[in-house]
Number of protein chains: 2
Amino acid sequence: MNIKQPNKNLVLVPMLKALADETRLDIVRTLRDTPGELSCGDIGERMSIAKSTASYHFRTLREAGLISTRKDIRTKYVSLRRDVFDEYLPGFLDSL
Amino acid sequence: MNIKQPNKNLVLVPMLKALADETRLDIVRTLRDTPGELSCGDIGERMSIAKSTASYHFRTLREAGLISTRKDIRTKYVSLRRDVFDEYLPGFLDSL
DNA sequence: ACCATAGTTCTATGAATATAAAACAACCAA
DNA sequence: TTGGTTGTTTTATATTCATAGAACTATGGT
């Protein structure tokens, strides 16, 4: 591959761990396929999981660098870090 | 993306779980970068892990469909299922 | 027959993961 | 101020995972 990065695993392993879960994979698909913005609550509802569980999954994805959040005072909106996917997992979102 | 498969997660999640580990990621890289064939022992030695641990990782990768093995009576040779990578994780091996 | 080689399976163990109830924090609205 | 909405953190629990020693299987060489 192109430029040799020092310890790529450090970034990649948490990313793959974050994606290696059915619920989080579904969250990523939902975000990819939804034009408008989605809140944590919206997504949690679609996944039919407890809000604390949803929060845990969002944290996992965020800490892996795969999503970002925007707080609108009351509501927290979630979006995909497409740039990160493109850099570390090019093609993944399309094949998902 | 193209043809809708019934429950893609069933295949994809075990694959991502298999890849979400530093040692197994290194095994995959080693296989990708090595021209000739490699045996289980060869790889285990390079990873500096116990042979039982190596065997466990090979089983994980094999059950995920990512590698295949060829037994030469005494020795077991491991190879990447590049076709599987191309189908489910196109581009991954190149970006790894 | 005996020993060495190559791997798998069994067993044990400590660490990490996924789940959700409960308590908490921050905010808005009536 | 009281109460409802939105999400995080804490705590608990059950499960899965990574590791390796020990025993076992299979094969070959001498």
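Here is how names work: the chains are called A, B, and so on, in the same order as the sequence lines, proteins then strands, and each is numbered from 1. Remember, it's a predicted structure, so these values are computed and weren't measured experimentally.
- A residue-by-residue look at A20(A) and Y77(B) shows that Y77(B) has its nearest nucleotide of DNA chain C further toward the 5' end.
- Two residues are said to be in side-chain contact when any heavy atoms from C-beta on lie closer than 4.5 Å; L93(A) and L80(A) meet this criterion.
- Between the P atom of dT16(D) and the NZ atom of K17(A) lies a distance of 16 Å, rounded to the nearest Å.
- For the segment residues 40-49 of chain B, residues with any heavy atom less than 4.0 angstrom from an atom of DNA chain D are, sorted by number, I49(B).
- Side-chain atoms of R24(B) and Y56(B), non-hydrogen and from C-beta on, do get closer than 4.5 Å to each other.
- Base contact: T53(B) has a heavy atom under 4.0 Å from a base atom.
- Comparing dA18(D), dG29(D), dT9(D) by their nearest atom to the side chain of R74(B) picks out dG29(D).
- With 3.5 Å as the limit, one finds a donor-acceptor pair spanning the side chains of D42(A) and S39(A).
- Side chain of S55(B) to main chain of K51(B): no donor-acceptor pair is present (N/O by atom type, distance under 3.5 Å, no hydrogens or angles).
- When heavy atoms are screened at a 4.0 angstrom cut-off, T60(A) is found touching no nucleic acid atom at all.
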Start with the C-alpha gap between T75(B) and D72(B), add the side-chain angles, then the distance that decides, and say whether side-chain hydrogen bond (donor to acceptor under 3.5 Å, both in side chains) holds.
-> CA-CA 5 Å; T75(B) 310; D72(B) 189 35; 5.5 Å; no

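- Where DNA chain C meets chain A (any atom under 4.0 Å from a heavy atom), the bounding nucleotides read 5' to 3' are dT17(C) to dC28(C).
- Within the 4.5 Å cutoff, the side chain of F58(A) has no heavy atoms near those of the T69(A) side chain.
- Nearest nucleotide to the K76(A) side chain, out of dG21(D), dG28(D), dG7(D): dG7(D).
- Between H57(B) atom NE2 and dA18(D) atom P there is a gap of 7 Å when expressed in whole angstrom units.
- Counting to the nearest Å, the C1' atom of dC17(D) and the CG atom of L16(B) are 16 Å from each other.
- Residues M47(A) and H57(A) fail the side-chain proximity criterion, which asks for heavy atoms closer than 4.5 Å.
- Evaluation of the side-chain hydrogen bond (donor to acceptor under 3.5 Å, both in side chains) rule for E22(B) yields N9(A) as partners, not counting sequence neighbours.
- Listed for the T53(B) side chain is no donor-acceptor partner under 3.5 Å among the backbone atoms of I49(B).
- Each of S52(B) and D21(A) was matched to the nucleotide of DNA chain C holding its nearest heavy atom; the match closer to the 5' end belongs to S52(B).
- Distance Y56(A) OH to dG7(D) C1': 17 Å, rounded to the nearest Å.
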